[in-house]
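As C-alpha cells, the structure follows; a few thoughts come after it.
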Amino acid sequence: MAVNISIPKGTRDFLPLNMQRRNYIFSTLRNVFYLHGYQPIETPAMEDLSALLGKYGEEGDKLLFRILNSGNFLQNINDEELQQKNLNRLASHICEKGLRYDLTVPFARFVVMHRNEIIFPFKRYQIQPVWRADRPQKGRYREFFQCDVDVIGSNSLLNEVELLQIIEDIFIKLNINVTIVLNNRKILHGIATYLSCPDKLVVLTVAIDKLDKIGKDEVLKELSEKGFESNMLQKLIPVLEFSSKQSTNEEAINFISNIITDETGKKGIEEMNYILNYAKESGISTKIKFDVSLARGLSYYTGTILEVKAKDVEIGSICGGGRYDNLTGIFGMDGVSGVGMSFGADRIYDVLEKLNKFPKEVNESTKVLFVNFGVTEEKYCLKILRKLHSTGISAEIYPETGAKMKKQMSYADSKKIPFVVIVGENEIKSGKLSLKNMQTGEQKELNLTEIITLITSNIEQKTKY
RNA sequence: GUGGAUGUAGCUCAGCUGGUUAGAGCAUCAGAUUGUGGUUCUGAGGGUCGUGGGUUCGAGCCCCAUCUUCCACCCCA
C-alpha cells in the first residue's frame, strides 16, 4: 500500500456521489441564472498580486495564497535583504501572483479590462473555486467554491427585485424553505447618524451584525470597548431590542422612520419600501424580513444588503450579497454601480444532506447495463448499445468478456443502474432481449423499440449530473 | 494568528493502573449459486496503533515535538 499520501490542509477530494450532488446544485443555479438573463464568465485561478493586495483589508492580505515566482526567484534579492528577513518585503520581491480570494474583485478587474467588449448593464454569473489561507474548520476550507451572480452598470432597484426572484426560483427548485433577510447600508448609516457617529459606521455594523449570535449585551459591550459613549449606547438599545422581537416589515419601517432623520438614511428607507412593494407585486412568496440588525462584514456594500437563511436547519446563511456603488473604482473606473450575491455551495450541500432532500436520481449513473456473456454476445450487444446511445439513453456493457453473472449483477447493483439487459444464446436466436428492472426484480423479453420506450418513460430526470 | 481537544483496519469504534501474537461491527474479496444483484450462510484478506524522538526489562497506553482533523476566538463562504 502507498505510504504517506495526503492532500493539503483544508482541501478535499470529491467522490462520484459528492460530485453528482454538487453538480445538481451547480446546474440548478446555472439554469436559474440563465433563466434571468445572466451569462457565464470565468477568470484565472491566479491574479497579479497587485490586483489582490489591499482589497480585503489587513486580515485579507494575510489570508492570500502567494505564488512563488518561477526560475531563480532570488536573483534580484541582495544578501542584506535576505539577512533582514522582512517577510512582507521579501514576499513582494519573490511573488508576483496570488490565488484568487473571492470572485468579486477579479470580476471588478474583468469589467474594467473588458469594458469595451461587454454589454452594460452587464449580468454575469461565475462558479469557480477560491482559496484562503485560513485555518480550516467544519464547513470552512482553504479551497472552496463560490457561485456569484451580479449585475453591474445599473442603479435600478429592479435588479434587487430580480435577485430576490432568483433566490426564490433556486430554493423552490432545490426544495429548501428559506427566509430572505434584507437591510440597507444607508439605513445603518442613518442609525449611526442618529447615534451621532456616522464616522464609526463600520465598527457599528460589525458589532450589530453579531446581534443574533452573541446577544444585545455583548454587542453593547463590544461597542463600549471600541469607544462608543454610554449616551450613544442608550440610544441604540431600543433599536437592538426592536430587532430582536418579531415584527412585520411595516412595523419595522415605521419604527426606523421615527429614528432616522438624515437624507441618506431616508433614501435607504425609500429603497427598502420600493423593494418590498415590488417583491410583493411580482408575486414572490418567499418570506422576506426587513431586519435592521443585518449588517454583513464587507465594507464595500453601500445600499441593499441581503442574506438567505434556511428555515429547517441551523447553519447560518446560505447566500448573501448586496449593492456596491464603486467596486470598479479600485481599478480606475468610477461611477459604476452593481448589485450581486454569492451562494455558498458547500452549505447548501449540507442543508440538502441534513434534510435528506437530494433527489434520488442524482446518484444514478448509467441507465442500462448489458451483461457480457462472451465474444459472440458482446459483439451483438455493441450494435444495440450504439442504437441506445443515439436515442440519448446512457448505457454500457460490462467490459470483462464472459465474467460471472453474479459479478456483473453486483456491479449494476452497486452502481445503481436501474435496468440490466441480458443477451445470451437464447435471446440472439429469438431476436428479443431480456430486460430486468433492478428495483422490482421483474424481467421481460422485449424487442429493442419496446425497451427504448419503456426506459425513456422511466427517466423522469433527463438532466445529467 | 491565539487557546483547547483529537488520531487504533476503507468506515464507526473497543482495547483494564504500561505486560504474550491488538479486537468487533459494517464495508471489501471469495465460496455456497457455471443465466440473475440487493437478503442469508461459510471463509479470507486488510494495522510498523498519525509521524519522529524519549522514559522503561517491556509502550496502542506515559513524556516531548510535529502533522491531521475538530471546537472556541479573529475573520468569513
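Per chain, numbering begins at 1; letters A, B, ... match sequence-line order. Atom set for the values below is all heavy atoms of this structure, side chains included, hydrogens, waters and symmetry mates excluded.
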**Request:** Rounded to whole angstrom, note down the C1' distance from rA30(B) over to rG23(B).
**Result:** 23 Å
**Message:** Rounded to whole Å, please give me the gap between CG in Asn426(A) and P in rG35(B).
**Reply:** 11 Å
**Prompt:** Do side-chain atoms of Arg185(A) reach the backbone of Tyr301(A) as a donor and acceptor pair under 3.5 angstrom?
**Reply:** yes
**Request:** Could you tell me the separation between the CD atom of Glu59(A) and the P atom of rC76(B), rounded to a whole number of Å?
**Result:** 8 Å
**Message:** Pick the closest RNA chain B nucleotide for Gly320(A) and for Ile422(A) by heavy atoms, then say which residue is nearer the 5' end.
**Reply:** Ile422(A)
**Request:** Inspect the contact between Glu307(A) and Arg296(A) and indicate whether a charged nitrogen and a carboxylate oxygen are less than 4.0 angstrom apart.
**Result:** yes
**Asked** NA contact type, Lys210(A), heavy-atom cut-off 4.0 Å: base, sugar-phosphate, or nothing?
**Response** sugar-phosphate
**Asked** So what does Ser342(A) hit on the nucleic acid, given a heavy-atom distance under 4.0 Å: a base, only sugar-phosphate, or nothing?
**Response** nothing
**Asked** Would you say the side chain of Met438(A) lies within less than 4.5 Å of the side chain of Pro418(A), judging by non-hydrogen atoms?
**Response** no
**Request:** Have a look at Gly60(A) and say if it touches a base, only the backbone sugar-phosphate, or nothing, with a 4.0 Å heavy-atom cut-off.
**Result:** nothing
Between N or O atoms, less than 3.5 Å apart, protein on one side and nucleotides 69-71 of chain B on the other: list the pairs.
| from | atom 1 | to | atom 2 | distance (Å) |
| --- | --- | --- | --- | --- |
| rU69(B) | OP1 | Gly10(A) | N | 3.3 |
| rC71(B) | OP2 | Lys138(A) | N | 2.6 |

**Asked** Are Glu442(A) and Lys436(A) close enough for a salt bridge, meaning some N to O gap below 4.0 Å?
**Response** no
**Prompt:** rG38(B) base to Asp413(A) side chain: any donor-acceptor pair below 3.5 Å?
**Reply:** no
**Message:** So for Glu427(A) and rG35(B), does any side-chain atom that can act as donor or acceptor lie under 3.5 Å from a complementary atom in the base?
**Reply:** yes
**Prompt:** How far does the P atom of rC62(B) sit from the matching atom of rU8(B), given to the nearest Å?
**Reply:** 15 Å
**Asked** Less than 5.5 Å between centroids and less than 30° between ring planes, does Phe144(A) satisfy that with rA77(B)?
**Response** yes
**C1' spacing across the pair rC61(B) / rA14(B), given as an integer number of angstrom** = 14 Å
**Nearest-Å distance for atom pair CD/P, residues Glu378(A) and rG35(B)** = 16 Å
**Message:** Work out how far the C1' atom of rG60(B) is from that of rC73(B), and round it to whole angstrom.
**Reply:** 33 Å
**Fill in**
Arg142(A) atom CZ is separated from rU68(B) atom P, nearest whole Å, by 8 Å
**Request:** To the nearest Å, give me how far apart CE (Met438(A)) and P (rU39(B)) are.
**Result:** 12 Å
**Message:** Do the side chains of Lys309(A) and Asp291(A) get close enough for a salt bridge, i.e. N-O under 4.0 angstrom?
**Reply:** no
**Message:** For a quick check, tell me whether the side chain of Gln443(A) and the base of rU36(B) share a donor-acceptor pair closer than 3.5 Å.
**Reply:** yes
**Message:** Just to verify, what does Ala310(A) make a side chain to side chain contact (heavy atoms under 4.5 Å, CB included) with, not counting sequence neighbours?
**Reply:** Ile176(A), Val313(A), Ile318(A), Val351(A)
**Fill in**
Lys62(A) atom NZ is separated from rC73(B) atom P, nearest whole Å, by 19 Å
**Prompt:** So, Arg109(A) and Glu47(A), do they make that salt bridge, N to O below 4.0 Å?
**Reply:** yes
**Prompt:** Nearest 0.5 Å, what's the NZ-NE2 distance between Lys123(A) and His36(A)?
**Reply:** 8.5 Å
**Message:** With rounding to the closest Å, how many angstrom separate the P atoms on rA24(B) and rG47(B)?
**Reply:** 15 Å
**Message:** Work out how far the C1' atom of rU51(B) is from that of rU68(B), and round it to whole angstrom.
**Reply:** 10 Å
**Asked** Charged N to carboxylate O below 4.0 Å: is that the case for Glu400(A) and Lys407(A)?
**Response** no
**Asked** Base, sugar-phosphate, or nothing: which does Gln439(A) touch, judged by heavy atoms less than 4.0 Å apart?
**Response** base
**Sequence neighbours excluded, every pair satisfying side chain to side chain donor-acceptor pair (under 3.5 Å) that has a member inside residues 411-427 of chain A** = Glu396(A)-Tyr411(A), Glu396(A)-Lys415(A), Tyr411(A)-Lys415(A), Glu427(A)-Ser434(A)
**Prompt:** If you measure from the Lys or Arg side-chain nitrogens to the Asp or Glu carboxylate oxygens, is any gap between Asp134(A) and Arg140(A) under 4.0 Å?
**Reply:** yes
**Prompt:** What's the CG-C1' distance between Leu433(A) and rU36(B), to the nearest Å?
**Reply:** 16 Å
**Request:** Map Met409(A) and Cys319(A) onto RNA chain B by nearest heavy atom, then report which one ends up closer to the 5' terminus.
**Result:** Met409(A)
**Complete:** Partner of Leu182(A) under side-chain contact (heavy atoms from CB on, under 4.5 Å), picked from Leu294(A), Ile305(A), Ile275(A), is Ile275(A)
**Message:** Between rG10(B) and rG50(B), how far apart are the two P atoms, rounded to whole Å?
**Reply:** 13 Å
**Separation between the C1' atoms of rC49(B) and rU21(B), rounded to whole Å** = 15 Å
**Distance, rounded to the nearest Å, where Glu222(A) contributes CD and rC73(B) contributes C1'** = 12 Å
**Request:** Write out the stems for RNA chain B, ordered by first number and formatted as range with range, counting runs of at least 3 consecutive Watson-Crick or G-U wobble pairs under 3.5 Å.
**Result:** B:1-5 with B:69-73, B:10-13 with B:23-26, B:28-32 with B:40-44, B:50-54 with B:62-66
**Prompt:** Just one of Thr205(A), Thr302(A), Leu201(A) clears the side-chain contact (heavy atoms from CB on, under 4.5 Å) bar with His189(A), so which one?
**Reply:** Leu201(A)
Dump every N/O contact between nucleotides 26-31 of chain B and the protein below 3.5 Å, one line per pair.
| from | atom 1 | to | atom 2 | distance (Å) |
| --- | --- | --- | --- | --- |
| rG31(B) | OP1 | Lys404(A) | NZ | 2.3 |

**Request:** Report the residues that fulfil salt bridge (charged side-chain N to carboxylate O under 4.0 Å, His left out) with Arg142(A), sequence neighbours left out, ordered by chain and then residue number.
**Result:** none
